[in-house]
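Below is one structure, written out as structure tokens; comments come after it.
The structure presented is a predicted model; accordingly, all values stated were derived computationally and were not measured. Side chains are part of it too, since the values below use all heavy atoms of this structure and drop only hydrogens, waters and symmetry mates.
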Protein chains: 2
Amino acid sequence: MARKLLTKPRKTASQERSRATVDALFEATARILVKEGFDKASTNRIAEVAGVSVGSLYQYFPSKEALVAAVIKRHQHKIMHTVRGELAEVLAQPVEKAIRKLVAVAVKSHRVDPRLHRVLAEQIPRVGELEKLETFNRENYTLFRTYLESHRDELRVDDLELASFVCVTSIEALTHNAVLHYSKTFSDETMEALIDEAAYLVTGYLMGSRKNEAGSLSDQRHAGLHSPS
Amino acid sequence: MARKLLTKPRKTASQERSRATVDALFEATARILVKEGFDKASTNRIAEVAGVSVGSLYQYFPSKEALVAAVIKRHQHKIMHTVRGELAEVLAQPVEKAIRKLVAVAVKSHRVDPRLHRVLAEQIPRVGELEKLETFNRENYTLFRTYLESHRDELRVDDLELASFVCVTSIEALTHNAVLHYSKTFSDETMEALIDEAAYLVTGYLMGSRKNEAGSLSDQRHAGLHSPS
DNA sequence: ACAGAATATGAGCGATCATTCGCTTTTTAA
DNA sequence: TTAAAAAGCGAATGATCGCTCATATTCTGT
């Protein structure tokens with residue numbers, strides 16, 4: 001029987017020392033991605049910066065792609081960790097408070113290692129294995145949809161699927177752009193104001209009921225498409 | 001004098017034949033990007049698909065990066081071409097109509113070769129020269145800001161800079177996501193509805209004036225930050 | 001018809017990179 | 001103490017890729 005257990009298995013991490021190695025690899029990868037960009041993140045370079053040999057890298061990760069994917073997952077878990085719980089308490093709150101909290105949480109999540117977040121979003125080609133890692137936003141989506149369902153009666157929207165899409169997409173884009181592209185342009189107060197604005201945007205959309213606009217917007221929106229519940 | 005004119009100059013395109021070559025290169029690059037992804041788009045492969053030799057490629061483009069950048073620019077020009085004019089007529093229209101038109105135009109612009117658009121957005125690493133090509137969205141931004149300024153009195157927002165950011169970002173993200181990620185999930189009617197929803201979202205935000213919510217939302221938004229004009 | 005300019009060719013150079021494998025060192029457990 | 005398992009090493013391999021250049025073909029003006 002050809003034993004490949006020593007060459008192939010990759011992925012274990014039982015002893016103390018090996019866990020340190022894996023961690024050094026994570027750290028080094030993140031560091032290089034942030035400071036030198038995806039191009040410069042070759043496996044040899046990563047190993048070098050980690051103070052480890054390439055061979056060791058391949059003991060724990062079957063490919064470079066797997067390593068990067070693991071770094072992404074790790075970043076996502078960090079976000080979840082700093083944000084979990086804040087989401088739980090949202091579920092019970094009324095729409096206005098809930099939305100504002102949601103936006104604030106979104107900002108917070110983008111502030112967990114923003115520079116890494118930006119590289120992951122902009123420089124990592126979504127190819128092969130990396131393609132599947134969009135799972136993250138799906139979670140937000142279903143979570144939000146669940147919230148809308150349980151507060152249906154307070155809302156003016158009837159297509160919750162569509163509404164979730166509109167809200168989640170907007171909040172994500174606004175916070176993402178603000179934190180990762182405009183944090184130099186926006187002052188701290190502006191950032192605070194932006195949270196308010198985003199919350200206002202979404203809340204207004206969900207609860208709506210503008211004063212008296214019969215004949216203007218209402219007519220533009222082709223009636224009948226959303227049959228009343 | 002060392003003449004490098006035959007080796008270096010790159011970029012000319014005077015005769016008929018050469019224009020065809022350049023065009024074939026554009027076409028081939030786009031084709032490969034769409035059908036095989038950025039990874040597979042090597043210069044040799046591009047030249048092969050274009051029915052041209054690698055040498056010819058380097059007569060007109062100083063680098064692979066330059067070629068890709070040119071393809072991106074070309075795509076942007078195509079968009080501008082199919083959309084120009086529709087934007088001009090927006091300027092004169094009242095807010096509600098203008099916003100709806102703007103959203104519709106955004107959708108239209110994303111429907112110009114959506115598959116190429118998606119690859120350009122997701123697979124091309126924004127590094128080196130490619131980094132500068134974000135100019136496109138800046139244009140939309142200033143355009144929108146100009147519109148808001150000339151309709152200032154009809155709006156409830158006072159920080160037009162911030163408002164432009166909110167609106168442009170939201171519209172872009174919504175249309176981008178809808179067209180490039182959910183066109184299979186969304187039916188045609190849903191897509192139509194989405195335009196309405198996005199327009200409603202933004203219009204409500206800009207013109208606002210919800211009925212009577214004194215003490216709820218108004219209090220949450222920290223007063224005084226936007227000093228009344 | 002002809003010369004010079006423009007265009008096209010593609011084998012091959014040099015560099016980079018992901019990955020492997022035979023080997024050494026360290027740790028574990030009996 | 002010791003043998004086996006775990007972890008670590010890094011030079012070497014093979015493949016890919018961007019790009020060049022010496023040469024060949026085509027075009028243009030005269």
Taking only Lys NZ, Arg NE, NH1 and NH2, and the carboxylate oxygens of Asp or Glu, determine whether A:Glu129 and A:Lys64 approach each other closer than 4.0 Å. no
Using a cut-off of 4.0 Å on non-hydrogen atoms, how would the nucleic acid contact of A:Ser18 be classed: base, sugar-phosphate, or nothing? sugar-phosphate
Is B:Asp113 paired with B:Arg74 through a side-chain N to carboxylate O contact shorter than 4.0 Å? no
Relative to the ring of B:His117, is the ring of B:His75 parallel (under 30°), tilted (30 to 60°) or perpendicular (over 60°)? perpendicular
If I take atom CG in residue B:Leu67 and atom P in nucleotide D:dC19, what distance separates them, rounded to the nearest angstrom? 10 Å
Within 6.0 Å of CZ in A:Arg126, more than 12 heavy atoms from elsewhere: yes
Which heavy atom in B:Leu180 sits nearest to a heavy atom in B:Pro114, and how many Å separate them? CD2-O, 3.4 Å
Take atom CZ of A:Phe61 and atom P of C:dT19, then tell me their distance rounded to the nearest Å. 13 Å
Nearest-Å distance for atom pair CG/C1', residues A:Leu57 and D:dA7: 14 Å
Go nucleotide by nucleotide along DNA chain D from the 5' end; which of A:Ala20 and B:Val54 gets its closest nucleotide reached first? A:Ala20
Between A:Phe165 and A:Phe144 (judged by ring centroids, cut-off 6.0 Å), do the two rings come close enough to count as a pair? no
With ring centroids as reference points, do B:Phe26 and B:Phe61 lie under 6.0 angstrom apart? yes
What I want to check is whether the side chains of A:Tyr141 and A:Glu161 have a donor and an acceptor closer together than 3.5 Å. yes
Is it true that B:Lys108 and B:Glu86 have a side-chain N and a carboxylate O under 4.0 angstrom from each other? yes
May I ask you to verify if any side-chain N or O of A:Thr21 is less than 4.0 angstrom from the OP1 or OP2 atom of D:dG8? yes
Quick one: is B:Ser56 getting a side-chain N or O under 4.0 Å of the C:dT9 phosphate, OP1 or OP2? yes
Using OP1 and OP2 only, check whether a side-chain N or O of B:Tyr58 sits under 4.0 Å from D:dC21. no
Phosphate-side-chain proximity, B:Ser53 and C:dT9, N/O vs OP1/OP2 below 4.0 Å: yes
How would you summarise protein contacts on nucleotides 22-30 of chain D per nucleotide, using B for base, S for sugar-phosphate only and - for none, with heavy-atom distances below 4.0 Å? ----SSS--
Any residue of residues 36-50 of chain B with a heavy atom less than 4.0 Å from an atom of DNA chain C: none
Output the rounded distance in Å from NZ (B:Lys64) to P (C:dT16). 17 Å
